[in-house]
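Fair warning: this is a prediction, and the values are worked out from it, not measured in the lab. So you know, we letter chains A, B, ... as the sequences are listed, proteins then strands, and number each from 1.
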Amino acid sequence: MEEQEKLARFQERIDSGQKIEPKDWMPERYRKQLTRMISQHAHSEIVGMLPEGNWITRAPSLRRKVALLAKVQDEAGHGLYLYSAVETLGVTREDVINEYLEGRAKYSSIFNYPTLTWADIGAIGWLVDGAAIINQTMLARGSYGPYSRAMVRICKEESFHNRQGYEIIYTLAQGTPEQKQMAQDALNRWWQPAIQMVGPPDDNSPNSAETMRWQIKVESNDVIRQRFIDRTVPQAHAAGLTIPDDQLKFNEETGHWETGPIDWDEFWRVVKGNGPCNRQRIQDRINAEREGQWVLDAAAAYAKKQGKKQLTLTE
Amino acid sequence: MSHVKEGAHGILWEVFIQSKPGIPHKHAGNVHAHDAEQALTNARDVYTRRMEGVSIWVIPANLVTASAGEDSDAFFDPAEDKVYRHPTFYTVPEGVKYL
Amino acid sequence: MTSKEALYHYVLKMGDSSLIMGHRLSEWTAHGPVLEHDIALTNIALDYIGQARMLLTYAGELEGKGRSEDDLAYWRDAAQYRNSLLCELPNGDFGQTVVKMFLFDAFQVELHEALSQSPDEQLKAIAIKSLKESKYHLRYSRDWVLRLGDGTEESKIRIANGLEAVWMYFGDLFAPSEGESVLVSDGIVPETASLRKRVEETLRKTFEEATMAVPDFDAVMQEGSQRGIHTEYLSYILSEMQSVTRMHPGATW
């Protein structure tokens with residue numbers, strides 16, 4: 001079959017809502033875009049463990065401690081599902097991990113902000129996971145089978161993350177004046193990064209047209225962002241908190257909340273590596289990989305010595 | 001130099017979980033491990049955190065042979081006109097039971 | 001001392017040990033050697049802290065002063081903690097963490113096995129639930145002792161160093177809690193020291209299989225946890241763990 005014909009047939013499959021599976025023919029660009037998106041997503045889950053992990057040892061009650069541990073552990077699991085999904089595209093996990101450790105691949109910029117108080121753990125669960133869930137529910141409808149299946153599983157597991165975050169914030173907001181201040185302060189710091197996190201506006205999103213044509217993404221960044229804002233503003237009000245945006249208003253006609261200008265300069269500055277914690281986060285992950293190397297070497301050596309049959313089969 | 005060596009995380013395994021006794025194992029996902037025992041415990045920790053399973057199979061991913069998706073017409077359509085494999089193909093006289 | 005008071009001290013030793021083990025292990029979360037093990041270590045940390053919650057809640061009931069799990073976890077100082085010294089030692093590298101877990105898990109399996117027969121219904125129920133977890137923990141840590149002990153030259157040295165660093169705290173696991181003799185004569189718990197032979201057996205077999213040197217079981221051991229004399233590490237753990245809670249007395253989280 002000619003390349004053009006294959007491409008047309010591929011587009012037909014996509015348009016008719018069929019899922020593409022790993023061994024199917026796919027255009028190189030499709031493979032590239034997916035590899036990029038899924039790896040970024042996987043890295044985000046892994047780097048995302050760091051800011052939250054920062055408060056595990058200081059969680060203020062044992063109930064909060066186990067919930068946070070379980071949540072951060074879920075993110076490791078989600079990173080793992082996603083690395084498996086990206087491996088179906090013909091790259092290895094080690095390769096894609098090296099890409100972000102060496103600064104050649106991106107991950108969600110929001111994890112380059114510091115978690116400064118306990119309330120930040122609430123803010124991450126509420127805002128960051130809130131935005132992520134909307135995005136991921138959309139991605140679960142995407143055209144690539146392994147990615148979409150990983151998303152379904154992840155969305156199912158993440159529904160508790162969002163709630164535990166809101167519960168933390170809500171509890172603080174109803175607590176002592178100091179606690180309420182802590183919650184408001186966290187919202188003040190996380191609001192802008194949160195509304196930026198689903199990505200730049202549609203007219204400035206370099207990959208959007210292509211990924212939407214192939215239904216890797218089925219809705220645009222602007223649509224997702226607006227949905228997040230519409231859901232989150234009333235939740236803030238219910239907790240008695242103020243969204244840090246004096247131009248925020250409800251548009252009766254459209255039924256949407258409208259925000260003041262979003263600081264895209266800030267967004268690009270952090271994406272390009274100059275957020276408060278970019279270097280620290282990457283260094284932490286490099287250390288973990290480096291520190292783990294001897295353990296993995298030992299596991300490999302031991303398996304070999306034991307003459308485990310799987311290894312002989314794969315060598 | 002790369003931070004992570006190629007193959008450092010072990011080989012890729014396919015994981016199958018049986019969610020209740022008596023029903024078939026179903027594909028759940030993958031883990032990396034250097035040997036089968038590790039693959040099993042990894043799968044237990046990754047895929048049964050919410051009591052999803054009572055039994056786990058693991059198999060090195062490179063041992064799986066798969067049919068190709070775009071050939072699926074040739075592979076599976078021939079079964080489409082073999083309706084005689086299904087019980088509804090046969091008529092049973094009114095009033096006759098247990099067939 | 002009444003049986004109830006003695007049981008309070010006994011359960012406190014168990015609960016504090018699980019809590020501090022879980023706390024230390026949770027320091028690995030997000031920093032584990034590879035994703036799969038990050039998840040595994042966190043699972044075990046969750047089990048330990050889950051056990052701690054049941055035990056501290058029960059301790060609070062036995063004490064009868066209305067203290068909750070959180071009151072006990074967050075509002076006691078190091079001198080009031082009764083966890084075994086082993087639990088509070090730093091993680092060190094993965095080898096040290098694993099060998100520390102292995103000593104603890106080998107002990108826990110014997111303890112939970114014995115307490116599964118206890119006439120104290122609540123202790124028995126906790127022990128039965130915990131036993132399933134401890135057996136899995138032991139399988140995990142034992143497997144890693146084998147892999148590291150019989151892995152590469154480097155891993156062999158690292159795990160031997162890890163064992164060396166924690167060994168003198170092994171004996172303290174068996175230190176009787178305050179008033180334990182009362183519970184032993186009432187037949188509620190076994191004498192903790194009586195578990196030692198079986199634990200040592202597990203250790204000996206595993207270290208031999210791992211081609212490691214078996215440590216000297218008669219070595220001089222540190223003790224003191226049951227009198228509230230801890231290592232320097234514990235107060236640091238607690239200052240971190242309790243910092244948020246203690247800044248806001250009376251607050252709900």
Side-chain angles (χ1 to χ4, degrees), chain A residues 1 6 9-10 13 18-26 70 73-74 76-77 80-81 83-85 87-88 92-102 145-146 149-150 153 156-157 160 282 285-287 289-290 292-293 296-304 306 308-311 313-315, chain B residues 1-19 25-53 56-77:
Chain A
M1 236 188 300
K6 276 186 182 168
R9 186 139 179 250
F10 179 80
R13 288 186 70 189
Q18 281 185 49
K19 298 275 185 215
I20 307 301
E21 294 300 333
K23 310 239 159 149
D24 296 353
W25 182 87
M26 61 187 83
Q73 184 197 39
D74 271 350
L80 196 151
Y81 304 159
Y83 282 129
S84 302
E87 280 181 287
T88 63
T92 65
R93 194 208 274 189
E94 291 87 351
D95 264 345
V96 289
I97 290 180
N98 278 324
E99 277 181 8
Y100 88 95
L101 293 181
E102 287 158 17
R149 287 190 289 275
R153 194 179 178 104
K156 219 195 273 174
E157 297 189 349
F160 102 79
I282 290 294
R285 289 307 312 163
I286 289 175
N287 294 347
E289 291 287 347
R290 192 180 288 157
Q293 193 52 58
L296 299 169
D297 288 345
Y302 179 78
K304 205 168 235 171
Q306 298 295 308
K308 298 274 162 156
K309 60 177 189 283
Q310 311 65 249
L311 279 184
L313 282 170
T314 57
E315 267 163 9
Chain B
M1 200 197 83
S2 305
H3 296 286
V4 193
K5 288 190 300 197
E6 200 52 45
H9 292 189
I11 63 165
L12 188 66
W13 299 72
E14 299 290 347
V15 178
F16 297 84
I17 309 272
Q18 184 184 37
S19 56
H25 286 67
K26 198 175 152 199
H27 188 244
N30 303 81
V31 290
H32 278 250
H34 288 94
D35 61 52
E37 167 65 19
Q38 229 189 7
L40 264 187
T41 48
N42 290 349
R44 176 256 189 204
D45 286 320
V46 174
Y47 291 103
T48 64
R49 300 198 299 284
R50 290 173 168 79
M51 298 182 298
E52 292 97 332
I56 302 176
W57 291 346
V58 290
I59 176 170
N62 65 344
L63 295 187
V64 174
T65 309
S67 65
E70 66 262 38
D71 293 342
S72 70
D73 295 356
F75 224 68
F76 302 108
D77 285 359

Do the two ring centres, one from B:Tyr47 and one from B:Phe16, sit under 6.0 Å apart?
-> no

Is there side-chain contact between A:Asp95 and B:Glu6, with at least one heavy-atom pair below 4.5 Å?
-> yes

When only pairs under 4.5 Å are counted, which of A:Glu87, A:Gln293, A:Arg290 shares the most heavy-atom pairs with chain B?
-> A:Glu87

Indicate whether any N or O donor in one side chain lies under 3.5 Å from an N or O acceptor in the other, for A:Tyr302 and B:Gln38.
-> no

So what's closer than 4.5 Å to chain A heavy atoms on B:Glu14: side chain, backbone, both or neither?
-> neither

Max heavy-atom pairs within cutoff under 4.5 Å with chain B, candidates A:Glu289, A:Gln18, A:Arg93, goes to A:Arg93

Does B:His34 reach the side chain of A:Leu296, with side-chain heavy atoms less than 4.5 Å apart?
-> yes

Contact class of A:Leu101 relative to chain B, heavy atoms under 4.5 angstrom | both

Which bit of A:Ile286 comes within less than 4.5 Å of chain B, counting heavy atoms only: side chain, backbone, both or neither?
-> side chain

Contact part of A:Asp74 toward chain B, heavy-atom cut-off under 4.5 Å: side chain, backbone, both or neither?
-> both

A:Arg13 and A:Glu21 ion-paired at < 4.0 Å | no

Heavy atoms only: give me the nearest B:Arg49-B:Glu52 pair and the separation to one decimal.
-> N-OE1, 3.2 Å

Tell me, for A:Tyr100 versus chain B, whether the close heavy atoms (under 4.5 Å) come from the side chain, the backbone, both or neither.
-> neither

Chain B heavy atoms under 4.5 Å from A:Arg153: which part of the residue, side chain, backbone, both or neither?
-> side chain

Between B:Gly10, B:Gly7, B:Ala61, B:Gly29, the one whose heavy-atom pairs under 4.5 Å with chain A are most numerous = B:Gly7

With respect to chain A, which residue among B:Asn30, B:Asp45, B:Val46 yields the maximal number of heavy-atom pairs within a distance under 4.5 Å?
-> B:Asn30

Determine whether B:His9 and A:Glu94 make a side-chain contact, defined as any pair of heavy atoms from C-beta on separated by less than 4.5 Å.
-> yes

